[in-house]
**Student:** 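Let me begin by handing over the structure; questions about it come next.
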Amino acid sequence: MTDLASVKTALRQQWIETPSWAYGNSGTRFKVFPQPGVARDPFEKIEDAAQVHKFTGVAPSVAVHIPWDKVDDYAQLAKHAVDHGIQIGAINPNTFQEPEYKLGSVCNPDPKIRRKATDHLIECIDVAYATGSGILSLWFADGTNYPGQDSIRARQDRLAEALQETYDRLGDGVKMLLEYKFFEPAFYTMDVPDWGTSLTHCLALGDKAQVLVDTGHHAPGTNIEFLVALLVRAKKLGGFHFNSRFYADDDLMVGAADPYQLFRIMHEIVAADVLRPDSGVAFMLDQCHNIEPKVQAEIRSVLNVQEATAKALLVDQAALRAAQESGDVLGANAVIVDAFNTDVRPLLAEVREDMGLDPDPIGAYQRSGYYAKVSETRVGGQAAGWGA
Ligand code: LRH
Ligand code: MN
């Protein structure tokens, strides 16, 4: 039987990082629908992220994206986060919005453009040190749209060269995560399309390079928990970008589309004992709230991860192993399904009370009047967004 005290301890210590860009306006190519009270600058995004931590107790850091969150004084930005009870998390360079990046950034045929992109990655290492962040989180939109457009091999050589130069500049305080995505914005090849490509580059670079798994970046039907188990075993799982999707990279609230998949992923994390914040796996959200209120949606998302985690922590590992080793297929599956079908909301309410929090974070947030307040006070200026 699972010991409830250690389950509660693990839940109290959970660390789920929210993304600054979730607090800005976002949408699709069809429309970006502005919302009232949206953050207008990185400081207001941090204040929104702090609300998520205030009511959940398990979201003590916010990832930033450069230049969306570019400021003159990054130490001041980091202090603003600390003053609001959180800290700056992963630093995400942006090599997909400059006009020069049409044919790619670090994989571009033009060495001048590759130079520009690599300089930006290195600039973001400085941002990491200036903000006390330990993670440089890389995603490249690089790819091609038509067979023959460019040499697949040559682009991999260019990518490896840029990653090596950046890796050599990391220093001891920062590690590199390499995110993959099987399509979009390129539609024939993406230069880092899957976990295998990311892993190949990370193995070539060294221990400070690990794979980032964005749950929206796989071909339909991909067994994500399998590759998670494999990457953890290889000590190459650096972290997650949690979200959910019904079709493509929909960036919907994690657990909204397929809570059983999220549970199966967290089961592999718990079984491998890498849930702890010091395990080296970064649990980050990467979502866009195109039509729903953003801060409340991030709170709901953190709760969804907490619920999947609590269910995974309640898996009777001893019973599961016994059934697995005795070939009891249905018995083993039942142990997993029983945990998934457990209503963990009362347990999480107790954990929140133990943490001195309201057992109902969403209700408490709504009663706080924060949304009404910022909808009133955040008038004028330009709401933040992707600026695409
Ligand atoms: C690409 C991605 C990547 C980001 C962006 C915000 O689809 O997942 O992580 O930089 O979204
Ligand atoms: Mn992502």
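Both counts, for ligands and for their atoms, begin at 1 and track the order of listing. Position 1 is the first residue of the sequence; numbering continues from there.
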**Student:** Could you pull out the atom name of the N/O/S atom in Glu179 that is nearest the Mn ion (ligand 2)?
**Tutor:**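 In Glu179, the heteroatom (N, O or S) nearest the Mn ion (ligand 2) is OE2.
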**Student:** Ligand 1 and His241, any nitrogen or oxygen pair closer than 3.5 angstrom?
**Tutor:**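 Yes, His241 has an N/O under 3.5 Å of an N/O on ligand 1.
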**Student:** Relative to the heavy atoms of Asp249, which atoms of ligand 1 are at a distance of less than 4.0 Å?
**Tutor:**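 Reading through ligand 1 atom by atom, the close ones are 7 (O).
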**Student:** Hey, are the side chains of Ile66 and Pro93 touching, using non-hydrogen atoms and a 4.5 Å cut-off?
**Tutor:**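 When only atoms from C-beta onward are counted, Pro93 and Ile66 do not touch, as no gap falls below 4.5 Å.
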**Student:** Give me the nearest non-hydrogen protein atom to atom 6 (C) of ligand 1 as residue plus atom name, then the distance to 0.1 Å.
**Tutor:**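 Minimum-distance protein heavy atom for atom 6 (C) of ligand 1 reads Trp21 NE1, 3.6 Å.
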**Student:** Report the name of the N/O/S atom of His241 located nearest to the Mn ion (ligand 2).
**Tutor:**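 Going through the N, O and S atoms of His241 one by one, ND1 ends up nearest to the Mn ion (ligand 2).
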**Student:** Report yes if Lys181 has an N/O atom closer than 3.5 Å to an N/O atom of ligand 1; otherwise report no.
**Tutor:**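 Yes: some nitrogen or oxygen of Lys181 is under 3.5 Å from one in ligand 1.
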**Student:** If we only count N/O pairs under 3.5 Å, is Trp68 in contact with ligand 1?
**Tutor:**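 It does not: no N or O of Trp68 is found under 3.5 Å from an N or O of ligand 1.
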**Student:** May I ask you to check if Arg245 and Tyr247 form a cation-pi contact, with NZ or CZ under 6.0 angstrom from the six-membered ring centre and within 45° of the axis?
**Tutor:**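 No cation-pi geometry.
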**Student:** Can you tell me if Ile291 has over 12 outside heavy atoms packed within less than 6.0 Å of its CD1?
**Tutor:**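 Counting other residues, nucleotides and ligands, CD1 of Ile291 stays at 12 neighbours or fewer.
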**Student:** Which protein non-hydrogen atom lies closest to atom 5 (C) of ligand 1, naming both residue and atom, and how far is it?
**Tutor:**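 Among all protein heavy atoms, the one nearest atom 5 (C) of ligand 1 is Asp286 OD2, 4.0 Å.
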**Student:** Checking contacts here: is it the side chain or the backbone of Phe140 that comes within 4.0 Å of ligand 1, counting heavy atoms only? Could be both or neither.
**Tutor:**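 Answer for Phe140: neither.
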**Student:** Step by step, work out the side chain to side chain contact (heavy atoms under 4.5 Å, CB included) result for His241 and Ser137.
**Tutor:** CA-CA 10 Å; His241 272 182; Ser137 188; 4.2 Å; yes
**Student:** Hey, does Leu121 have a side-chain heavy atom less than 4.5 Å from the side chain of Phe140?
**Tutor:**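 The answer is yes; the side chains approach within 4.5 Å.
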**Student:** Would His65 count as a contact of ligand 1 if the rule is a heavy atom under 4.0 Å away?
**Tutor:**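 Contact check His65 vs ligand 1: positive.
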**Student:** Does Phe340 have Lys311 sitting over its ring (NZ/CZ under 6.0 Å from centre, angle to axis within 45°)?
**Tutor:**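 Yes.
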**Student:** Taking the Mn ion (ligand 2) as the vertex, what is the angle from OD2 of Asp214 to OD2 of Asp286, given to 10 degrees?
**Tutor:**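 Output for this angle: 100°, rounded to tens.
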**Student:** Is Asp214 in contact with ligand 1, taking contact as a heavy-atom separation below 4.0 Å?
**Tutor:**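 Yes.
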**Student:** Surrounding CZ of Arg115 (heavy atoms of other residues, nucleotides or ligands, distance under 6.0 Å), is the total greater than 12?
**Tutor:**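 Counting neighbours around CZ of Arg115, more than 12 heavy atoms of other residues, nucleotides or ligands fall under 6.0 Å, so yes.
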**Student:** Taking only heavy atoms of Glu179, which atoms of ligand 1 are found under 4.0 Å from at least one of them?
**Tutor:**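 Near Glu179, meaning under 4.0 Å from one of its heavy atoms, ligand 1 has 2 (C), 3 (C), 8 (O), 9 (O).
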**Student:** Salt bridge check: are Glu123 and Lys70 linked by an N-O gap of less than 4.0 Å?
**Tutor:**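 So Glu123 pairs with Lys70 through a salt bridge.
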**Student:** Are any non-hydrogen side-chain atoms of Leu262 and Ser244 less than 4.5 angstrom apart?
**Tutor:**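 They are not in contact (no side-chain heavy atoms under 4.5 Å apart), so the answer is no.
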**Student:** What part of Asp251, side chain, backbone, both or neither, has a heavy atom within less than 4.0 angstrom of ligand 1?
**Tutor:**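 Under 4.0 Å from ligand 1, Asp251 contributes no heavy atoms.
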